[in-house]
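Note sheet for the following structure.
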Amino acid sequence: MKAHLTELLAQAAKSLTQNADFDASNLAIQLERPKNKDHGDFSTNLAMLLAKPLRQNPRAIAESLIQALPTSAYVEKVEIAGAGFINFYLGANAKQAIIGLIAAQGEKFGHNNIGQGRKVQVEFVSANPTGPLHVGHGRGAAVGDCLARLLDANGWAVTREFYYNDAGVQIDNLTHSVQLRCRGITPDDPLWPEAGYRGDYIADVAKAYLNKETIVADDMSVTATGDVEDAESIRAFSVAYLRHEQDLDLRAFQIKFDVFSLESALYTDGKVESTVQSLIASGHTYEQDDALWLRTTDFGDDKDRVMRKTDGGYTYFVPDVAYHVDKWNRGFDRVINEQGADHHSTITRVRAGLQALNVGIPQGWPDYVLHQMVTVMRGGEEVKLSKRAGSYVTLRDLIEEVGCDATRYFLAARRADSQLIFDIDLARAQTNDNPVYYIQYAHARICSVLAQWAGDASSLPTVDLSPLNSAHDAALMQRLSEFPEVVENSATDLAPHTIANYLKDLASDLHSFYNEHKILVEDETTKLARLALVSATQQVLRNGLQLLGVSAPNKM
RNA sequence: GCCCCCGUAGCUCAGUGGAUAGAGCAUCCCCCUCCUAAGGGGAGGGUCACACGUUCGAUUCGUGUCGGGGGCACCA
């Protein structure tokens, strides 16, 4: 419908400007849905945009545009309003058409092929295997998974990837902590190192290690030797144990990854070394103070960065650059890294490293979506501690307390770049305070009506829709027709929260409609038309909830 | 000190160049002889942090100030 109106306007603008020395063909025609119902179904500011080049006042231009507008079977009325807005009022037939479209497309309604099957990788969570996942990882998981679902719905071939650092200082600390626990030393002992991990789960790892258990994680399997002196065995076992813990966290959150990437593999495969050699060959490096530096200031950084430390080891961003070269070589047209905002400083360095290599990677590749911190509240107070992890709230605690659906919804329903307050009491509430239940309830209500009707739903797409002429009918149909635009914009902006907002609005329209109109009425034509409308609504609620990874229950 | 994000109703948050700035909660008032009241309708509540610019038009863009958070190591 939008494309249809855009075409009408383009033709009008063309005929209007053909005598002026101004080319209207490359004019970006903006068509929006007015917030105010009195401003029609669609509105354009085209006349205002043409005011300057044509040197006429906007209202006069609007007048001429309307005169030049080709006739359309869908447009009922066109009006000029305000400073020169042109408002379109659609006929009932145009609005009702959406019901047939939804029925025909089913679970594909709202999807498009903008991605054209191109490869995109979404890297998210990427927690180091040093403990259970916490709320912050949960936010990354909810946002990242939803991004992946959105891109999929927009025609991209999506790979979900989890990268973890299984080498380096943090893992040394982990190994040491487990080893101490094996020897019976606890965190309250004076011998316990400052950098050691203090959570109770470290004791669980130690116990399992001493029992010579075998751990099978999603991407590895390790059996403990039980030898307290064997640091290498402890390291491998601890990493596997905690990776497995994280697998369980992710399973509880219903998130699956296609690929797990290990930092250590970048070293063993020689990818780090070859990246370093390429960087040296690029001429963007130099030696100073016994260290090797990358001149990241050539690419917009505020100071150069050390690549190889005086002790011979590489700094963290070097394997990170190697990892992204690997992503590029794997043929991803697009890469989106979903991370906590505390990793913000890596962006410039990784991109600088990739540009320095000069292998054709576009500037600004890869994309980043950074999420801000999560604060968990219960009973009006901040929750800071958990039994398992000690110093932070774990994702699994949260899922166990409020459920997977509510946790996913709340963590994905806010803009990623805003700080998020997670109110446990609200997320648990089984009342209309809680947007998750509000949306799911709309779906369940429809299911209930359809079940009581007990008719053949496959006959609904072809029924006479003419009884759908009330304001509530129109509002609901309009909302349904917006879904494809929401799915597209949400992916373009990498903003999954707009899906959550849309669903809340859709549920609201459904509840209003439901309250105003009885569906299972005597009059057969009216009944079938309303059933067709709620059936279409049910489909869109499902499709939307699917994008969030939230269930659509038939009963509540 | 420098960099990034945020600052919108009492609270949690949408909106991000356009026409009277929205929702939910909270407060107050209505609606179940009726398909799930986990619902609906209505009222009150805002100098869109502040200032100056750009624009026909700024909550939205730019600069600065003030708040909140995060990052500024040869840690990751």
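Throughout, a chain's letter reflects where its sequence line sits, starting with A, and its residues are numbered from 1.
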Next on the checklist: With a 4.0 Å cutoff (strictly under), does any side-chain N or O of A:Lys303 reach OP1 or OP2 of B:A73?
Outcome noted: yes

Checklist entry - Closer than 4.0 Å, any side-chain N/O of A:Tyr441 to the OP1 or OP2 of B:A37? => result yes

All side-chain hydrogen bond (donor to acceptor under 3.5 Å, both in side chains) counterparts of [X], not counting sequence neighbours:
| X | value |
| --- | --- |
| A:Asp289 | none |
| A:Ser418 | none |
| A:Thr44 | none |
| A:Ser459 | none |

Checklist entry - Is there a donor and acceptor pair closer than 3.5 Å between the side chain of A:Thr310 and the base of B:C74? => result yes

Checklist outcome for this item: Residues passing the ring pair (Phe, Tyr, Trp, His ring centres under 6.0 Å) test with A:His134, sequence neighbours excluded, are A:His137, A:Tyr392

Next on the checklist: Could you work out, with ring pair (Phe, Tyr, Trp, His ring centres under 6.0 Å) as the rule, every residue matching A:Tyr197, not counting sequence neighbours?
Outcome noted: none

Item to check | Sub-4.0 Å heavy-atom contacts from residues 371-381 of chain A onto RNA chain B, ordered by number | outcome: A:Gln372, A:Met373

Item to check | Selected nucleotide, minimal atom distance to A:Gln452 side chain, candidates B:C35, B:A76, B:A14 | outcome: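 The listed nucleotide nearest to A:Gln452's side chain is B:C35.
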
Checklist entry - To the side chain of A:Thr315, which of B:C74, B:G40, B:U36 is closest? => result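 The closest nucleotide is B:C74.
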
Next on the checklist: Under 4.0 Å between a side-chain nitrogen and a carboxylate oxygen: does that hold for A:Lys527 and A:Glu522?
Outcome noted: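 Judged by the 4.0 Å cut-off on N to carboxylate O distance, A:Lys527 and A:Glu522 do not form a salt bridge.
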
Item to check | Nearest-nucleotide comparison on RNA chain B, the residue closer to the 5′ end among A:Arg349 and A:Arg305 | outcome: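 Closer to the 5' end of RNA chain B: A:Arg305.
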
Next on the checklist: Return whichever of A:Ala341 or A:Phe513 has its heavy-atom-nearest nucleotide of RNA chain B closer to the 5' end.
Outcome noted: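 Of the two residues, A:Phe513 wins.
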
Item to check | For A:Arg479, all residues meeting salt bridge (charged side-chain N to carboxylate O under 4.0 Å, His left out), sequence neighbours excluded | outcome: A:Glu482, A:Asp505, A:Asp509

Item to check | Contact state string [nucleotides 16-23 of chain B, B base, S sugar-phosphate only, - no protein heavy atom under 4.0 Å] | outcome: B-BBB---

Checklist entry - B:A23 pairs with which nucleotide, Watson-Crick or G-U wobble, both distances below 3.5 Å? => result B:U12

Item to check | Residue matched to B:G1 through Watson-Crick or wobble contacts both under 3.5 angstrom | outcome: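 For B:G1, the partner nucleotide comes out as B:C72, under the 3.5 Å rule.
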
